[in-house]
Every structure is written in structure tokens, then in C-alpha cells.
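Written below as C-alpha cells is the structure these notes are about.
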Amino acid sequence: MADNGITIDPASVVDNPADLQVEFRGEVDGETYDFAVRHSVIEALTGRVSDTPATDFARSQDAIGEAALVALGRAAGDDVVIVTENDLDQPTATTSPASEIAEAEAHPS
């Protein structure tokens, strides 16, 4: 498990060039979530346009994991949590995404 609180399943990482994103599955607090990180995030992290986004994903996995936690904090109920450039350099949530979902379901708006 990475120090950032998310375990990314390396076997699930796949580039989706049609949607300009790399898709992956990650586990947070015992719950599994589907994520997609935009190619633009990988480009921002590497400083270049990538010919091999999945390879660059692996090289930037720790930073992507942190951004994925931020994205999960704002989009935990989505089928696929999209990680965008806005999720970079944002503080991660101090409560677990699973507890936030339970709280939201217990007290709908």
C-alpha cells in the first residue's frame, strides 16, 4: 500500500486513448473504486505530452494516488472517479471516503 492511503491495482491500469485517460482500480479503507486519470494530469506531472501514458502513470503513481484521493473526496458516489488537474496539489480529506459516503446516505440533502 502506498503511504498516501490508496492501493492501486497495477493489473487494472489501462490506457483509454479514445477518452484521453488512464483507467485503474484502487482500494481505499477496504472499499474498491474505479478511477480514470486524464492524460492532462499525467502530462502536468511529467512535464511533457506522453506517447505511453500508462508507463508514465506508473512513474507518477504516488502523485496520482494523492490526486485520486482528492477526487474521491468530491466524487465518491460516481461510478468512475475522474482525476483532473484540479485535484493536483489539493489537500486530501482527513475523513475516509467510505465514511463520507455513509454519512451522505444517512443524511441526504
Side-chain angles (χ1 to χ4, degrees):
M1 177 192 227
D3 290 338
N4 60 12
I6 184 170
T7 302
I8 296 174
D9 176 5
S12 71
V13 177
V14 62
D15 185 31
N16 180 342
D19 291 334
L20 298 175
Q21 62 192 23
V22 174
E23 299 165 351
F24 64 98
R25 187 166 293 117
E27 184 177 316
V28 178
D29 296 334
E31 296 289 327
T32 301
Y33 300 92
D34 291 321
F35 294 89
V37 61
R38 298 290 188 202
H39 284 179
S40 61
V41 172
I42 296 168
E43 292 167 9
L45 291 170
T46 62
R48 64 182 174 76
V49 175
S50 178
D51 292 333
T52 56
T55 300
D56 287 334
F57 172 97
R59 291 182 187 135
S60 304
Q61 186 169 320
D62 287 342
I64 290 169
E66 289 289 336
L69 289 173
V70 172
L72 183 60
R74 74 170 157 68
D78 293 355
D79 290 337
V80 177
V81 177
I82 306 296
V83 182
T84 68
E85 287 181 77
N86 292 335
D87 299 315
L88 295 175
D89 298 324
Q90 299 292 320
T92 57
T94 56
T95 59
S96 76
S99 65
E100 288 179 13
I101 292 170
E103 179 68 19
E105 289 173 348
H107 304 286
S109 304

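Atom CG in L45 sits 12.0 Å away from atom CD in Q61 (nearest 0.5 Å). The distance from the OG1 atom of T46 to the CZ atom of R59 is 9.0 Å, given to the nearest 0.5 Å. Here the straight-line distance linking atom CG of D15 with atom CD of Q21 works out to 9.0 Å at 0.5 Å rounding. From R74, atom CZ reaches atom CD1 of I82 across 8.5 Å, with rounding to the nearest 0.5 Å. From E43, atom CD reaches atom CZ of R38 across 12.5 Å, with rounding to the nearest 0.5 Å. The line from CG of N16 to NE2 of H39 is 7.5 Å long, rounded to the nearest 0.5 Å.
Cluster partners of V14, using a side-chain heavy-atom cutoff of under 4.5 Å among ILVMFWY residues and allowing indirect links: none.
Using a 4.5 Å heavy-atom cutoff, the side chains of F35 and L72 are in contact. Taking 4.5 Å as the limit, every side-chain heavy atom of V41 sits out of range of all side-chain heavy atoms of D87. At a threshold of 4.5 Å between non-hydrogen side-chain atoms, the residues D79 and D34 do not count as touching.
Of all heavy-atom pairs spanning I8 and G65, the tightest one is CD1-CA, 4.3 Å. The minimum heavy-atom distance between I6 and A68, with the atom names listed, is CD1-CB, 4.0 Å. Closest approach of L88 and A67 over heavy atoms only: CD2-CB, 3.9 Å.
Aromatic ring orientation, F57 versus F24: tilted (interplanar angle from 30° to 60°).
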